[in-house]
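This report refers to the structure that appears directly beneath it.
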Amino acid sequence: MSRSFLSRILFLALLSTIAAPLLWADGESVPARDPKQPVDEGYTAKMKKYTTAPYFTSPLVDYLPASKLVPTPEAVLGDVAGAPGILPYAEDVYKYMRMLEAASPRVKVISIGKTEEGREMIAVAVSSGENLKNLEVNRARLAKLADPRTIHLDDAEADKLVAQSTPVYYITGTIHSPETGAPTALMELAYRLSVDESPYIKDIRDGVITLITPVVEVDGRDRVVDIYNWHLAHTKDFYPPLIYWGKYVAHDNNRDAMGVTLKLTENVLNAYVDWTAQVLHDLHESVPYLYDNTVGDGPYNAWIDPILVDEWNMIASRNVADMTKFGMPGVFTHGDFDTWSPGYLMFMAAMHNGISRLYETFGNGNADTRERTLEPDEYARTWFKQNPPLPKTLWSQRDNNNYEETGLLTSLHYFNENKRLFLKNFYLKAKRSVTKPSSEGPAAYVLPADEPRATLQAELLQVLQKQKVEICKAKSQLTITLPAKREKKKEGDKSADTKDAKDEKKEPTTRIFPAGSYVVRMDQPYSRVADALLDHQYWSPEDPQKTPYDDTGWTFGELFGVQVVRVTDAKILDAPMEKMDAIRAAGGVKGDGAVFAINNHAEPALAALRYKLKDAQIETAEEPFEAGGTKFTRGTFLIRDAKRADIENTAKEVGLQIIALSSAPRVKTHPVRAARIAYVHTWLATQMEGWWRLALDNLQIPYDYISTQTIGKISDLREKYDVILFPPVGINAQPMAIINGLPTAWGNPLPWKNTPLTPNLVGKNDSTDDMRPGLGLDGVAKLQSFVERGGVLLTVDDTAQFAISIGFGTGVNAARSEKMKIVGAVVGTQLVDAASPIAYGYDEKIPAYCDDGLVFSLSSIAGGRRRRRLGPEMRQRPTGRGTKDDPDFAVGRAGAEAPEEPEAEIWEYPPVTAEQAHNNARVIPPPNRARVVLRYANGKDLLISGLVDNGGEIAQHPAVLDVPFGQGHVVLFSINPVYRGETRGTYSLVLNTLLNFDSLNAGRKDAAK
Ligand SMILES: [Zn+2]
């Protein structure tokens, strides 16, 4: 048989399978239109025209049913959903949804809150008129399933509720602003669900409440539409990249589901929980053509219920199967994305007993139709992608909308077919969360009442309350047995080789927590999210997953710098305690006297207080002291000549405890001032700095927000500012990129400013006629003169590297690690110089966030690299007489004593030998050297949470440096102290720098040489 004959037979066989009538699953409606319902011919023809290939659509969306009463998206868009050249503003999307609501009893629109810039966020419920009429009754039933304590964990009662309830499937669109397709897809989806009479769609409408937030990042949506309109008006030009999405962050708006610091996170979480939804399905665009990344890849989050993993697989594999049967290429569910971090918006469902889902469909970044060429790994057929995308194709926003809608409709249908199972699972996951203390542990977490960082403790508890976790307060003292801790033998410990080298087992200990301690009970429906945030993470360097998708560690107690104790002793649950409403740190003034002292425990509230009391004279103690029977730390605030009432009001506002003393303590002090701050951003990226802005705004610390372009234009920086904050750029920006910006030798200006065509771009952020220029050499000179004349420049990671490269870090070398992998992890750092004002209020050990931080090394000789340490074995005595420790001898003369070799720790400046010092103008005098404030922990203590591999490269190296330069200082950070609202324990390293800008040399002790 010839090969061509064989392939012809195969081809015919294949053809016959395709031609056979569609047999859908047993008893399920076939996905096809109702031939009795008329089609909107005009709309359907346009959809067909904008779909670039027949296999980029499906029987579910290749027609639009006609309705006499309900308007189609064309009423607002002027064309069909997904039409080229059309991106609606959020307002237009809302307008359409409200037109639907007005025309159909099957649609209900509600406001779910406002964004940072005051724009509305909505949710649209679509279901049968009957279901919408009975919303409240249904919600009450679902609420019982969501909190099984209300039905005493009675499975029979749950079964009754399951049988009566209509589930809620929540879909969210365009959280990522350059992923532009979802709003039109969701407009059309809402229309279809409300008017289509085909059995397949009717099943969904009658069986499920579909809840839709068509635009999650509303501020960013309006910006991207502005940019698109500019592009349509200037088709021959390059258009500006979307430098700002929301007010604060860009892509990271989908990494906020732990800290819940952004409005969009809070609003969606509230809607999800209020509606007691079972699914949260978030729409993204990046991967061709539809990657249901829900199943993704390992490692999976350790705290989710395994029932959820089964649900992910069920829905996703059916989703892929259905769309494969439609003949749509490029639909798959395994790929790049591990399910470890709970930071993603959709993961809020996974953490709240629901089902998290996420689509990556294929978007063009706007509504242009373009020819798209894929990378080989994108079009390769793999075991999980049997029908891969095409190497090259014309792609339209309509194609994207077809994929989004088809995926959603098949998911909704399958979900409805199996809703009793999913509702029962919803109950079971909640029940298993409630029985967690006895089934798997722990029983609770305790945050002790005697926590010195009361404001940070309150902030951590507030995050948990935003996550809908119940917090209790112990009415009396708690006596808790803490389990014995197994201690592995340390590496290199010789006794580990002997036969009794078992794990050392310590005895269980008893710990007493004072009355008023906070208890996070694990016998509550949302115990999993509390457990996931408060527990420690371990990511093995041997894990087969070599490219973690996001952060690997986040332990909130560590990053907030407060004590959190994991308790397995279930007795704690019997202790008397009360459930708390909103938690706040209690501030106020105690005692009598005219001197007010505030202990410094590195709480950001201190800086908030300093700025609120802007006219008060505040001093800070340079040494610890005792007064009126109280111990005060170094860095304690002392306020004189102030009205008690003012102090008291502010103390209450910020939650700080103040002690009035009858007389000023005898301790050396210096003023703490409310520094005038210039806050610098680039036009390259704003995401990383956005988290810093958010932190300062929350503390109500004022600053001027300026770009690198502005620096060169300010005639006298020092006259205007005390501190320049230059947070990380975040794209590993090279120093020359910060100076040069984007290329200007060709191309056109890229304006970022409000115009009639682009009314939403700026918001309250920054504007420019051309985003391309960077700091420039003028700007470099201005920065140098600013610091020279007493200003302080604070830099982090890539901006620290920039600062060193323009000559600020004499003797400081900053290198990128070679083999080390610290992927968004919590690491140990240690105080080196507790007398530095930057370290005021901190304990010896400070957990910090690190993401492959810069490796700082110090050299005492300018322009010289530090000698590489070769290790002790290379310093052993040479071959000669005597024992290992004896000196050698030379025959015929008296022995000579060898001089001591100067030794220095990894984080220190190596001492200068007399030989090196001889006529050497490059030797850096001790007062000109950097002050090491903080260093990374020793290798064995480096990992606190997450992935640390080859940590030896950074262990013990400086983590925070204070470099003197002229009259001023440059502060260099290797850790990132301000990140995603999660690292509040290290904020004060930055805030201390602000408040002590003109006294950073306090307590400084220089080496002798
Ligand atoms: Zn995305």
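Numbering of ligands and ligand atoms starts at 1, following listing order.
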### Query
Can a salt bridge be assigned to the pair Glu120 and Arg98 using a cut-off of 4.0 Å between side-chain N and carboxylate O?
yes
### Message
Parallel, tilted or perpendicular: which one describes the rings of Trp245 and His251, with boundaries at 30° and 60°?
### Response
perpendicular
### Task
Applying salt bridge (charged side-chain N to carboxylate O under 4.0 Å, His left out) between Glu117 and each of Arg223, Lys263, Lys247, Lys764, report the one that passes.
Arg223
### Task
Taking the six-membered ring for Trp and the full ring for Phe, Tyr or His, determine whether the centres of His681 and Tyr705 are under 6.0 Å apart.
yes
### Message
For the Zn ion (ligand 1), which protein N/O/S atoms fall under 2.8 Å? Skip waters.
### Response
His176 ND1, Glu179 OE1, Glu179 OE2, His284 ND1
### Query
Between Tyr289 and Tyr403, what is the ring plane arrangement, given parallel below 30°, perpendicular above 60°, and tilted in between?
tilted
### His231 side, atom NE2; Asp237 side, atom CG - distance, nearest 0.5 Å
10.5 Å
